[in-house]
Every structure is written in structure tokens, then in C-alpha cells.
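Taking it in order: structure first as C-alpha cells, then the write-up.
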Amino acid sequence: PKPCEVTPAIITKSYACQRRTPLKHHNSFLTEPLEILAENAEFSENEGRSIAFRRSASVLKALPRAVRAMDELKDLPCLGEHSLRVIKEILEDGTSSEVESTRQSEQFQAMKALTGVFGVGVRTADRWFREGLRSPLDLVHTGQKLSHTQQAGVQHYNDLNTPVTKKEAMVISDIVERAVKAVLPGAIIILTGGFRRGKEVGHDVDFLITHPEEGAEERLMPKIVNWLEDQGLLLYQKTTRNSYLESKDGPARPPSNMDRFERCFSIFRLEQTKVDCDEHVDASSYNSGRTDGTEERHSGSSWRAVRVDLVVSPYSQFAFATLGWTGSKLFERELRRWAGQEKGMSLSSHALYDSKQQRYLQANSEEELFAHLGLEYIPPSERNA
Ligand code: CTP
Ligand code: MN
Ligand code: MN
Ligand code: MN
């Protein structure tokens with residue numbers, strides 16, 4: 001087909017939630033560099049700039065083939081001047097000097113290493129960077145005061161920065177299923193996050209739990225956590241109570257996009273078979289940048305640490321929670337922006353409020369939610385924006 005036939009459908013679709021974005025696409029050679037710049041903007045707390053780069057990258061992920069020339073981009077939405085400059089440089093020279101110098105910069109590398117510690121955000125990492133710290137080992141050597149979460153993050157740094165495989169996610173699914181069924185028969189458990197979108201690896205494993213009988217799910221998390229702890233399966237956990245009903249934040253929109261479900265951020269102790277251990281060692285030997293010594297080596301014993309997020313939702317909010325916890329983060333962000341700017345609605349992981357009708361819209365499935373929002377249904381595997 002002629003180049004102009006490549007993109008007509010995408011031209012008017014400037015929100016990522018209007019497009020299908022598969023996991024595997026044809027433009028990683030452009031999107032990865034753009035996402036480096038997005039990440040770097042996040043490290044400097046420049047959210048607007050970061051979102052601009054992420055939106056640019058996302059548009060390119062939705063294209064049916066690799067971009068070869070600048071004129072193929074002229075009708076695409078979301079591509080700002082800066083992104084276009086970077087793309088042009090990569091198309092012409094194979095790399096972008098700005099991206100490469102960012103990648104090499106001491107600040108970027110230190111921020112990446114420090115925010116790679118579970119429990120460390122950009123603010124804290126930046127303060128440490130300005131104090132001269134560069135890596136998790138520096139935190140140990142200088143005796144930084146760390147929260148319990150950060151202590152666990154440093155202790156399990158290498159494991160938590162080793163991608164979780166689908167196979168490992170399935171083993172953890174079985175464990176979570178056993179735990180939940182033991183403490184609340186009839187409960188429903190679904191895998192959310194990246195694995196629901198079809199990712200082969202993830203940084204954690206995400207679950208959403210509910211029960212068809214409204215109210216049966218109340219105070220469920222402590223029971224699940226106790227069961228897991230009794231089995232010696234948890235290395236760390238932090239449970240937060242449901243605070244949605246107590247919140248006074250008005251319709252559908254708690255501050256900072258955080259939802260208010262009962263939830264648990266945890267680190268599982270995952271037993272490994274001999275074969276898994278060998279794979280693990282092989283995989284880590286590729287990773288020359290490891291910070292050895294922050295984690296107690298568990299040679300001999302065969303387990304590894306894996307981050308797991310558990311969320312409990314009432315049945316009446318299950319569709320909202322499923323949509324909100326499936327991601328990707330950009331897709332979620334775009335859904336909320338679409339709802340607000342195009343529909344006069346307010347969407348959260350709890351509810352959808354229609355400002356014109358001044359009422360909440362109910363939904364029993366993700367399909368119904370997309371319909372309420374006036375969007376074509378996009379399946380999880382194509383929400384990889
Ligand atoms: N999420 C959320 N509130 C949080 C953390 C995450 O609503 N405090 C949602 C995100 O919006 C996302 C989903 O949970 O939709 C999964 O987030 P996360 O596990 O961070 O990312 P994944 O897409 O699963 O990718 P990864 O493989 O890196 O885990
Ligand atoms: Mn995840
Ligand atoms: Mn993530
Ligand atoms: Mn998660």
C-alpha cells in the first residue's frame with residue numbers, strides 16, 4: 001500500500017484508549033529511546049515532558065509497520081517538536097545523541113539504580129543523588145536511615161530487579177489462589193497488570209480479588225496475609241485498609257490517582273526448582289551492572305524474592321477495579337483524560353461519575369465501561385500503550 005494508507009485510522013485518535021496497542025510492535029528502535037527521555041523527565045519531576053514523550057512513543061507502538069521516513073509521520077497525533085527531532089536523528093544516524101548522552105549520564109544511571117530500590121521514589125532518590133550517593137550499596141555503606149520497605153528493597157535488590165517470568169507468575173497464581181480459597185471459599189481471583197496484557201515478563205505480579213456476595217470481601221486481606229505468613233511465603237508485606245467509604249474526595253477521583261481498595265504490597269519467597277535456579281544464574285550473568293552484596297546470597301537454599309500486589313474490591317466495583325489495574329499506566333491515564341475532557345465524566349478504579357447526568361454509572365464488565373465511555377472495546381492484550 002501507499003504510505004498514506006498506513007495510518008488513516010490513527011490520525012483522529014489522539015487518545016491511547018482509542019487505539020489498539022499490541023505488546024509486540026515494529027518501532028522499538030524509536031520507542032525505547034523516547035522512553036529513556038520520558039524516564040529522565042520523570043527523574044527531574046517534569047511530568048508534562050515525560051507524558052509528552054510517552055504519548056509519542058505510544059503512537060508509534062500502534063503503527064502497523066516500522067517507520068522509515070519522516071513524511072510517514074506528518075498526520076500522526078501526539079508527536080511534538082522534541083520527539084520529532086529525536087526520531088529524525090535516529091532515522092538518519094541510527095541513534096540520538098541526546099538519548100545516548102542521557103543513558104550515559106551519571107545522574108540518569110544513579111537515579112535508575114536508586115529508584116530501582118523497592119520503596120524509593122524520585123524525591124528520595126534525587127536527595128540521595130545530591131548527597132553523592134549513586135547505588136544501593138552506597139546506602140548500606142553510608143548507613144542511610146531506611147524505611148522498612150526500603151530495607152526490604154535493598155536486601156532483595158537483585159531478585160527484585162530480575163524480571164518475573166510468566167512461569168513464575170503462574171506458580172504465584174496457584175499459591176494466591178490456594179490462600180484466598182482457604183480463607184474465603186467462592187472468592188474470585190484474577191491476574192491483572194502486565195501479565196493480563198500478555199507480557200512475557202514483569203516487575204511484579206498483580207492480583208485482584210473479589211467475592212460475588214457483596215460485603216463478604218471485607219477485611220479479607222489480613223486473613224490472606226496471615227495464611228501466607230503461616231506458610232512462610234512472605235518476606236515482606238504492607239497491608240492498607242480500604243478507605244474509599246471514609247474518603248471525602250468527591251466523585252470517583254481520589255487524590256493522585258491512588259485508589260483506596262484494601263491492598264497489600266508484598267514480597268513473596270518463591271521456592272525454586274533446580275532448573276529454575278540454573279536459569280536464574282544464567283540470566284543474571286548477562287546483567288553486568290548488578291550490585292552484588294546488597295542481598296544475602298542464598299546459595300544452597302533455592303528461593304527468590306518476587307514482588308506481588310494484591311488488591312481486594314467489592315463485587316459492585318470489580319469491573320472498575322479490573323479496568324484500573326490492568327494498565328498500562330499510560331492507557332489508564334488516557335482513559336481518565338478521555339473521560340474528563342471528552343465525556344464530562346470522572347473515572348476511577350471504583351466508579352464512573354457522569355457530571356452532566358449527575359449520577360454514577362454502574363457496570364458489570366469492562367465492555368460495559370468502554371460503552372459508557374463511548375469507546376470501542378479494547379481487549380487487555382491491546383492496552384499496551
Ligand atoms: N496501579 C494503581 N495504583 C498503584 C499502582 C499501580 O492503580 N499504586 C495500577 C497501574 O495503573 C497499572 C496496574 O496497577 O494499571 C499495574 O501496575 P504495575 O504493576 O506497576 O505495572 P504493570 O503494567 O503490571 O507492569 P510491570 O510488568 O512493570 O509490573
Ligand atoms: Mn505489574
Ligand atoms: Mn512497573
Ligand atoms: Mn503492581
Side-chain angles (χ1 to χ4, degrees), residues 1-44 46-105 108 194 197-199 327-343 370 373-385:
K2 290 178 289 179
C4 61
E5 284 171 3
V6 169
T7 54
I10 212 175
I11 294 170
T12 53
K13 302 192 171 173
S14 63
Y15 291 83
C17 54
Q18 297 174 287
R19 305 186 293 258
R20 293 174 176 268
T21 312
L23 185 61
K24 295 196 177 108
H25 60 88
H26 313 276
N27 287 293
S28 313
F29 74 110
L30 297 172
T31 60
E32 279 167 15
L34 289 168
E35 285 175 336
I36 294 281
L37 298 182
E39 202 174 9
N40 195 49
E42 268 148 38
F43 291 158
S44 359
N46 192 337
E47 204 190 11
R49 194 175 153 96
S50 157
I51 288 298
F53 285 127
R54 292 213 184 273
R55 287 207 189 107
S56 299
S58 186
V59 164
L60 302 178
K61 292 178 190 177
L63 296 179
R65 69 193 58 137
V67 174
R68 297 225 190 129
M70 290 306 284
D71 68 348
E72 295 169 29
L73 304 175
K74 63 181 186 309
D75 295 324
L76 297 182
C78 305
L79 296 174
E81 189 198 331
H82 197 154
S83 293
L84 286 170
R85 199 161 69 230
V86 171
I87 294 167
K88 183 161 187 279
E89 215 185 332
I90 296 170
L91 288 177
E92 285 171 1
D93 309 340
T95 61
S96 147
S97 52
E98 184 185 3
V99 173
E100 293 320 309
S101 66
T102 300
R103 250 194 253 271
Q104 299 307 318
S105 81
F108 180 80
R197 302 195 308 275
K199 281 180 71 177
S328 67
K329 287 200 185 80
L330 183 66
F331 192 89
E332 301 294 337
R333 199 185 170 104
E334 293 281 276
L335 272 175
R336 287 169 210 239
R337 190 167 70 95
W338 167 269
Q341 294 188 351
E342 304 295 327
K343 295 284 153 182
F370 278 88
L373 290 164
L375 290 167
E376 184 195 333
Y377 178 70
I378 311 279
S381 62
E382 300 192 275
R383 294 181 205 161
N384 289 291

### Task
Starting from the C-alpha separation in whole Å, work towards a yes-or-no answer on salt bridge (charged side-chain N to carboxylate O under 4.0 Å, His left out) for E376 and R20.
CA-CA 10 Å; E376 184 195 333; R20 293 174 176 268; 3.0 Å; yes

### Under 3.5 Å: donor-acceptor pair, side chain of H25, backbone of P64
no

### Side-chain touch L23/K199, heavy atoms, less than 4.5 angstrom
yes

#### Entry: Under 3.5 Å: donor-acceptor pair, side chain of S101, backbone of E98
yes

### Summary
Interatomic distance, CG@N46 vs CG@L37, rounded to 0.5 Å, equals 12.0 Å

### Task
Output yes when a side-chain donor or acceptor of W338 lies under 3.5 Å from a complementary backbone atom of Y15, and no otherwise.
no

### Task
Determine, for E382 against R19, whether the closest basic-nitrogen to carboxylate-oxygen distance falls under 4.0 angstrom.
no

#### Entry: E42 side chain to S50 side chain, donor-acceptor N/O pair below 3.5 angstrom
yes

#### Entry: N384 versus R197, closest heavy-atom pair with distance
OD1-NE, 2.8 Å

#### Entry: Lys/Arg N to Asp/Glu carboxylate O, E92 vs R85, below 4.0 Å
no

### Task
Dump the intermediate steps for side-chain hydrogen bond (donor to acceptor under 3.5 Å, both in side chains) on E89 and S97, then the final yes or no.
CA-CA 8 Å; E89 215 185 332; S97 52; 2.8 Å; yes

### Task
Salt-bridge test for K61 and E35: reply yes if a basic N is under 4.0 Å from a carboxylate O, no otherwise.
yes

#### Entry: T102 backbone acceptor or donor facing S105 side chain under 3.5 Å
yes

### Task
Check for a donor-acceptor pair, side chain of N27 on one end and backbone N or O of V67 on the other, with a separation under 3.5 Å.
yes

#### Entry: From L79 atom CG to S56 atom OG, the distance as rounded to the nearest 0.5 Å
5.0 Å

### Task
Hey, could you give me the SG/CG distance between C17 and L330, rounded to the nearest 0.5 Å?
9.5 Å

### Task
For the residue pair V86 and L30, establish whether any side-chain heavy-atom pair is separated by less than 4.5 Å.
no

### Task
For salt bridge (charged side-chain N to carboxylate O under 4.0 Å, His left out), just list the numbers for K88 and E81, CA-CA rounded to whole Å, side-chain angles, deciding distance to a tenth of an Å, and then say yes or no.
CA-CA 10 Å; K88 183 161 187 279; E81 189 198 331; over 6 Å; no

### Task
Starting at CG of L76, measure out to CG of L60 and round the result to the nearest 0.5 Å.
7.0 Å

### Task
Please determine if R337 and E334 form a salt bridge, counting it only when a charged side-chain N lies under 4.0 Å from a carboxylate O.
yes

### Rounded distance (nearest 0.5 Å) linking atom CG of L375 with atom CD of Q18
6.5 Å

### Message
Are the side chains of T95 and I90 in contact, using a 4.5 Å heavy-atom criterion?
### Response
no

### Task
Answer yes or no: is there a side-chain heavy-atom contact under 4.5 Å between T31 and S28?
yes

### Query
Between F53 and H82, what is the ring plane arrangement, given parallel below 30°, perpendicular above 60°, and tilted in between?
perpendicular

### Query
Counting distance only, does the side-chain N/O of S14 pair as donor-acceptor with the main-chain N or O of C78 below 3.5 Å?
no

### Distance in Å, I51 CD1 paired with K329 NZ, rounded so as to fall on 0.5 Å steps
11.5 Å

### Task
Indicate yes or no: at least one non-hydrogen side-chain atom of I378 is less than 4.5 angstrom from one of F331.
yes

### Query
Do S328 side-chain atoms and A385 backbone N/O form a donor-acceptor pair below 3.5 Å?
yes

